Amino acid sequence: MAEYSVAHGEKSIGYLSLLPELTAANLGLQSQQVVLHWNLRDTAFKRLDDLLALVDENESKGLESMVSNDAKTLFSLAHFMVYASIPQRTIAIGGQGPVAQRRAGKAERAVESWWRAVDEERLWCGEESWQYTMSYWMCLYGWYAALALTTADEATPHFLAVPYDPSECYPQFSEFGLTRFVRNYSASAAEVFEKAKKYGTRLPGVSNELQALQVYDWWYRHVGEGGQPEILNALLVSGMGGYGGWLFVKEPELMQGLDRIPVLCGPVGGTPKRDAVGDWMKTPGSVLADNETIYKDFDKWLSFLTRLAKQHAQAPFLAKSLHIEEQDVRPEDIRSGGASVETNDPEASLERVNVGPSPVDVSRLLSIIALKEQRGGFPDSAYGSLLVPLSGFGLSQLLQAAERRVGAQARRLGVLDSSISARWLADFRDATLAPITIEGFEGGNPRKSFIEECKPSDIHKQFRVSTKVPIRMGNALLSRMS
């Protein structure tokens with residue numbers, strides 16, 4: 001987790017002495033209450049995790065079952081459509097003429113360089129790129145969560161964009177926006193000790209440094225003296241050794257230079273209903289949500305057919321004697337010739353049970369369910385399953401399905417990109433920072449590399465960042481059409 005120190009030249013101050021109620025026990029209880037509030041959402045997330053992991057809900061001892069891979073293939077295609085394209089960023093600034101165009105170009109190249117640095121840092125940490133990770137959570141859960149902040153090491157700025165797993169994030173909103181945010185995640189004791197060392201906190205020792213501990217990253221926005229918003233941040237841990245309560249890894253601090261919690265978190269692609277325990281908690285806007293019940297019904301009847309198929313290929317036997325127990329005669333043993341049945345009854349015999357024909361109606365039902373899967377996901381043509389050329393009408397259907405299924409995720413990813421880019425530019429412009437070197441590739445065909453110096457004064461006072469994330473289709477022509 002990044003160290004929070006905003007780039008405005010003021011040092012964060014300890015807040016524990018000013019507000020005695022901000023104890024570890026109080027903040028721990030408060031954090032748990034926020035987490036429990038989202039219990040319905042977490043339950044929905046768990047269902048989606050199981051769906052993507054192809055968990056067999058029809059598994060039963062001694063019986064055949066089967067799970068289709070439709071949920072995973074739909075998710076893989078939807079995720080590809082969002083993460084595989086290159087974001088198209090445009091920055092407009094106040095004024096006209098060559099000077100304004102040069103300054104706009106400099107700002108675009110700076111943002112391009114900063115996003116490239118974000119992905120390079122993630123690469124060194126063994127993590128996927130920002131766009132890959134954010135689009136993954138958006139497609140799977142229909143939620144997004146990310147820390148967006150500009151930090152400073154002396155006079156050198158660092159631009160942070162850290163994707164969070166939404167299942168670890170718990171927001172609390174009000175009419176003023178995000179007022180409280182808790183990120184609850186698991187970390188090893190060794191990692192917690194590293195964080196404590198960074199913040200100058202002493203923690204009790206543990207016998208196993210690989211022990212998993214529960215960490216709570218706590219943020220709070222309140223109105224301070226003079227009516228100005230103040231942002232507090234603390235880091236807590238629970239479950240350390242014999243300490244059953246809560247301990248501070250980082251004591252509550254007032255984050256100077258921030259007027260809002262630097263976390264973007266919320267749903268995408270789902271219902272706009274916002275009841276306290278309403279539909280947005282129970283039915284997130286996952287790309288799998290429309291077909292969740294369809295997948296389960298399909299697997300149920302598919303498992304039923306596989307059981308019928310096994311009974312036809314390896315039918316059970318009926319023991320015609322009171323001296324032979326039916327459970328002692330297993331079809332698989334008889335078939336392999338590896339079992340013998342002893343009886344004193346000379347009239348005893350075994351007879352294969354007639355299972356009967358496989359019902360045609362079940363196959364018809366499966367075909368109907370498969371059609372409904374296409375309506376809630378992508379047509380078969382999107383997977384390259386058709387061996388005939390698509391007509392213009394077929395292409396239009398494919399493009400409409402892509403827009404309907406992942407359009408909301410692609411647009412929200414573009415809004416997040418533009419919002420974070422604008423925040424970085426404003427922070428860099430307004431802070432007292434040294435010039436930095438920016439490098440990367442400009443747009444166009446062929447793409448040209450650049451490396452140059454960028455100063456805070458290069459950023460115009462008035463600017464607007466716009467980012468579009470195109471939906472990527474497997475075919476280059478379709479990608480351009482979309």
Side-chain angles (χ1 to χ4, degrees), residues 2 7 82-95 98-125 127-136 138 144 146-153 155-163 262 264 409-431 433-472 479-480:
V82 183
Y83 84 77
S85 62
I86 299 175
Q88 301 172 359
R89 301 184 183 96
T90 304
I91 298 179
I93 68 173
V99 175
Q101 292 178 358
R102 284 196 298 269
R103 297 186 72 174
K106 175 70 76 74
E108 288 181 8
R109 293 191 295 275
V111 168
E112 172 72 21
S113 175
W114 297 340
W115 278 112
R116 183 170 175 264
V118 166
D119 283 345
E120 284 185 353
E121 182 64 25
R122 295 184 61 79
L123 174 67
W124 283 103
C125 294
E127 298 173 323
E128 290 285 359
S129 69
W130 153 270
Q131 186 170 339
Y132 183 97
T133 306
M134 288 298 294
S135 58
Y136 183 95
M138 285 186 185
Y144 61 90
L147 171 76
L149 194 63
T150 305
T151 68
D153 179 12
T156 303
H158 301 282
F159 303 97
L160 298 180
V162 184
L264 297 162
Q409 283 80 4
R411 286 190 292 273
R412 183 57 57 91
L413 190 61
V415 172
L416 286 172
D417 186 294
S418 59
S419 298
I420 294 173
S421 300
R423 185 186 186 100
W424 286 346
L425 288 170
D427 287 344
F428 181 64
R429 177 197 62 197
D430 298 338
L433 298 170
I436 59 175
T437 300
I438 58 175
E439 56 181 320
F441 295 90
E442 295 185 75
N445 189 17
R447 302 185 72 191
K448 298 180 180 178
S449 61
F450 66 87
I451 179 169
E452 58 187 314
E453 184 181 80
C454 183
K455 305 184 295 293
S457 58
D458 291 332
I459 309 303
H460 199 274
K461 290 184 178 181
Q462 296 178 334
F463 63 85
R464 180 176 60 84
V465 183
S466 176
T467 304
K468 179 183 178 182
V469 178
I471 296 175
R472 176 69 179 271
S479 295
R480 290 195 294 270

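Heavy-atom basis, side chains included; hydrogens, waters and symmetry copies ignored. All values derive from a computational prediction rather than experimental measurement.
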Quiz item: Should the pair Glu112-Arg116 be classified as a salt bridge under the 4.0 Å nitrogen-to-oxygen rule?
Solution: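 Here Glu112 does not pair with Arg116 in a salt bridge, since their nearest N and O are not under 4.0 Å apart.
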Self-check item: Where at least one partner belongs to residues 98-109, residue pairs that pass side-chain hydrogen bond (donor to acceptor under 3.5 Å, both in side chains), sequence neighbours excluded
Solution: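 Passing the test, one end in residues 98-109: Lys106-Asp458, Arg109-Glu452.
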Quiz item: Does the side chain to side chain contact (heavy atoms under 4.5 Å, CB included) test come out yes or no for Tyr83 and Tyr136, once each step is laid out?
Solution: CA-CA 8 Å; Tyr83 84 77; Tyr136 183 95; over 6 Å; no
Backbone N or O of [Y] within a donor-acceptor pair of the [X] side chain at under 3.5 Å?
X      : Y      : answer
Ser113 : Glu439 : yes
Gln131 : Ser85  : yes
Thr133 : Trp130 : no
Arg472 : Ala84  : yes

When you compare the side chain of [Y] with that of [X], does any pair of heavy atoms fall below 4.5 Å?
X      : Y      : value
Leu425 : Val465 : yes
Met138 : Leu413 : yes
Ile436 : Trp114 : yes
Trp424 : Pro157 : no

Quiz item: What do you reckon, is CD of Gln462 surrounded by more than 12 foreign heavy atoms closer than 6.0 Å?
Solution: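 Open: at most 12 neighbouring heavy atoms sit under 6.0 Å from CD of Gln462.
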Quiz item: Using the ring of each side chain (for Trp, its six-membered ring), is Phe159 parallel, tilted or perpendicular to Phe428, with breaks at 30° and 60°?
Solution: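 If you compare the ring of Phe159 with that of Phe428, the planes turn out perpendicular.
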Exercise. Begin from the C-alpha positions of Val469 and Asp417 and carry the test side chain to side chain contact (heavy atoms under 4.5 Å, CB included) through to its verdict.
Key: CA-CA 9 Å; Val469 178; Asp417 186 294; 5.6 Å; no
For the [atom1] atom of [X] and the [atom2] atom of [Y], what is their distance to the nearest 0.5 Å?
X      : Y      : atom1 : atom2 : value
Arg89  : Lys468 : CZ    : NZ    : 14.5 Å
Ile459 : Asp430 : CD1   : CG    : 10.5 Å
Ile438 : Ile451 : CD1   : CD1   : 9.5 Å

Self-check item: Arg464: salt bridge (Lys or Arg N to Asp or Glu O under 4.0 Å) partners, not counting sequence neighbours
Solution: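 By the salt bridge (Lys or Arg N to Asp or Glu O under 4.0 Å) rule, Arg464 matches no residue at all.
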Quiz prompt | Residue list, salt bridge (Lys or Arg N to Asp or Glu O under 4.0 Å) with Glu128, at least two apart or on another chain | solution =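 If we apply the salt bridge (Lys or Arg N to Asp or Glu O under 4.0 Å) test to Glu128, skipping adjacent residues, there are no hits.
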